[in-house]
Amino acid sequence: MTDSPLSARKILLIVGGGIAAYKALELVRLIRKAGGEVRALLTPAGAEFVTPLSLASLTGHPVRQTLFMPDDETTMGHIELSRWADLVVVAPATAGLIAKAANGMADDLASTTLLATDKRVLLAPAMNVRMWLHPAVHANVERLKGFEGDHGMAVVGPDDGEMACGEFGPGRMAEPAAILDAIIETLRGPADRPLAGKRAVVTAGPTFEAIDPVRGLTNRSSGKQGYAIAAALAALGCEVTLVSGPTALATPNGVKRIDVEGALEMQAATEAALPADVAVLSAAVADWRVDTIAGGKIKKGPGGPPTLSLIENPDILAGIAAPGPRRPALVIGFAAETTDLEANARSKLSRKGCDWIVGNDVSADVFGSDGNTVLLVTAGATESWPRQSKAEIARALALRIADHLSKA
Ligand code: CTP
């Protein structure tokens with residue numbers, strides 16, 4: 001990415017009323033540093049938290065505050081302002097602003113501008129956790145996201161954590177750097193989004209097969225490669241469901257994540273995510289689970305260690321790849337091997353019925369590391385990719401997927 005990803009892009013920033021409004025000042029700085037131009041619109045409630053002078057100084061432009069100001073309307077009217085922008089960003093987006101936008105209300109400068117704009121809108125919600133979790137807010141946000149075409153609003157955050165009011169949970173406005181990423185993402189054109197309208201299901205991470213309430217069988221998969229693939233597919237415009245075993249990773253932007261533990265749960269969630277155009281099953285699924293999970297903690301005793309009786313887990317990949325009306329057009333599996341990588345990957349390709357296998361040699365430094373060396377094995381060819389970061393592998397794979405689906 002260049003240093004000026006927003007070069008010559010115009011952002012209209014609507015600053016609503018909330019303690020997070022101070023972060024809007026940092027956001028202005030980041031947008032300008034990324035090459036963008038910002039004009040700000042401050043609501044009366046927003047002006048209780050930041051001053052018009054701060055915003056004017058940082059944006060380098062006068063700040064609009066009310067609907068009926070003859071001076072403002074002669075320089076740049078509010079309708080013109082809403083059209084001037086390439087993107088309208090609302091940060092913080094309060095429950096009130098969200099409710100007005102979701103219902104087409106236009107009774108002040110911010111809501112009128114949101115209704116009058118012909119550009120996309122990105123919301124960075126910020127509110128008390130109870131408010132955010134209220135079904136009314138949830139319904140309004142879903143409604144805004146679901147409006148047709150460019151009227152569908154993009155949403156970044158809110159984050160989880162401690163809030164200014166002392167409560168914990170989701171509601172804190174996304175950090176300015178994350179909002180900047182979302183701005184760059186939302187401004188990308190159709191050529192940058194070749195997977196728009198396509199759906200993917202990705203599995204990632206280890207599975208955790210419970211033995212008793214406190215113990216389980218698992219493995220050393222970090223989930224990094226699978227998460228990177230989910231992020232890379234979403235960045236190309238794909239609608240991604242990520243079915244994840246236990247990991248310490250953050251959910252990539254624009255990805256719907258479903259947390260699971262055992263293989264059976266992962267299988268059910270993966271199948272429930274169908275139909276999909278592509279399935280990328282990168283999870284390190286445990287081959288076995290105990291046949292009966294103990295209801296209470298297994299205690300040490302005079303009889304010595306317990307004997308665990310294991311049964312085989314279902315093969316999620318083979319199930320998804322089996323012929324049928326719900327089979328995705330492209331099914332991709334992974335082969336983690338310590339010896340004979342190509343031969344093992346190729347035999348997995350036919351045994352599991354998938355279209356491509358990404359083979360990786362796990363004898364070296366792979367688990368938890370940021371780099372990886374892979375082979376891409378398809379029915380007709382084997383390609384050896386140079387060692388590169390997991391993010392680069394993910395991007396290359398996502399582009400290959402886009403290319404394949406465009407020809408399918
Ligand atoms: N896989 C799966 N369900 C399983 C086991 C594996 O979906 N129960 C998928 C993995 O997500 C991966 C591929 O199958 O995409 C290969 O996984 P791997 O563990 O390498 O293969 P195994 O089937 O376990 O084969 P083996 O034990 O022979 O290495």
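Residue indices begin at 1 and follow the sequence shown. When a ligand or atom number is given, it counts from 1 through the structure's own listing order. Every heavy atom of this structure was used, including side-chain atoms; hydrogens, water molecules and symmetry mates were not.
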Is P314 in contact with ligand 1, taking contact as a heavy-atom separation below 4.0 Å? yes

Using a strict cut-off of less than 4.0 Å between a Lys/Arg side-chain nitrogen and an Asp/Glu carboxylate oxygen, indicate whether R327 and D355 qualify as a salt bridge. yes

Between T203 and ligand 1, is there a nitrogen or oxygen pair with a distance under 3.5 Å? no

Ligand 1 contacted by K352 (non-hydrogen, < 4.0 Å): yes

Backbone or side-chain N or O of V285 under 3.5 Å from ligand 1 N or O: no

Atom indices of ligand 1, in the order listed, that fall short of 4.0 Å to a heavy atom of G333: 15 (O)

Within 6.0 Å of CZ in R289, more than 12 heavy atoms from elsewhere: yes

Check contact between D287 and ligand 1, using heavy atoms of the residue and a distance below 4.0 angstrom. yes

Ligand 1 N/O within reach of L281 N/O, cut-off under 3.5 Å: yes

May I ask you to say whether K23 pairs ionically with E26, meaning some side-chain N is under 4.0 Å from a carboxylate O? no

Under 4.0 Å, counting heavy atoms only: does A263 come that close to any atom of ligand 1? no

To which protein heavy atom is atom 21 (O) of ligand 1 closest, and what is the distance rounded to 0.1 Å? K348 NZ, 3.1 Å

Would you say CD of E312 has more than 12 non-hydrogen atoms from neighbouring residues, nucleotides or ligands within 6.0 angstrom? no

In terms of heavy-atom contacts, P252 and Y227 come closest through CG-O, 3.6 Å

Does a sphere of radius 6.0 Å around CZ in R130 hold more than 12 heavy atoms from other residues, nucleotides or ligands, not counting ones at 6.0 Å or beyond? no

Give a yes or no on whether a salt bridge exists between K145 and E142, defined as a side-chain N under 4.0 angstrom from a carboxylate O. yes

Protein heavy atom under 4.0 angstrom of atom 11 (O) of ligand 1, is there one? yes

If you scan protein heavy atoms around atom 17 (O) of ligand 1, the nearest is F334 O, 3.6 Å

Test item: L375 and S384 side chains (from C-beta on) under 4.5 Å apart, heavy atoms: yes

Heavy-atom proximity to atom 9 (C) of ligand 1, picking from T207, I316, L317, points to L317

With no hydrogens and no angle check, just 3.5 Å: does a side-chain donor-acceptor pair link Q225 and S282? no

Of all the atoms in ligand 1, which lie at a distance below 4.0 Å from a heavy atom belonging to A283? 10 (C), 11 (O)

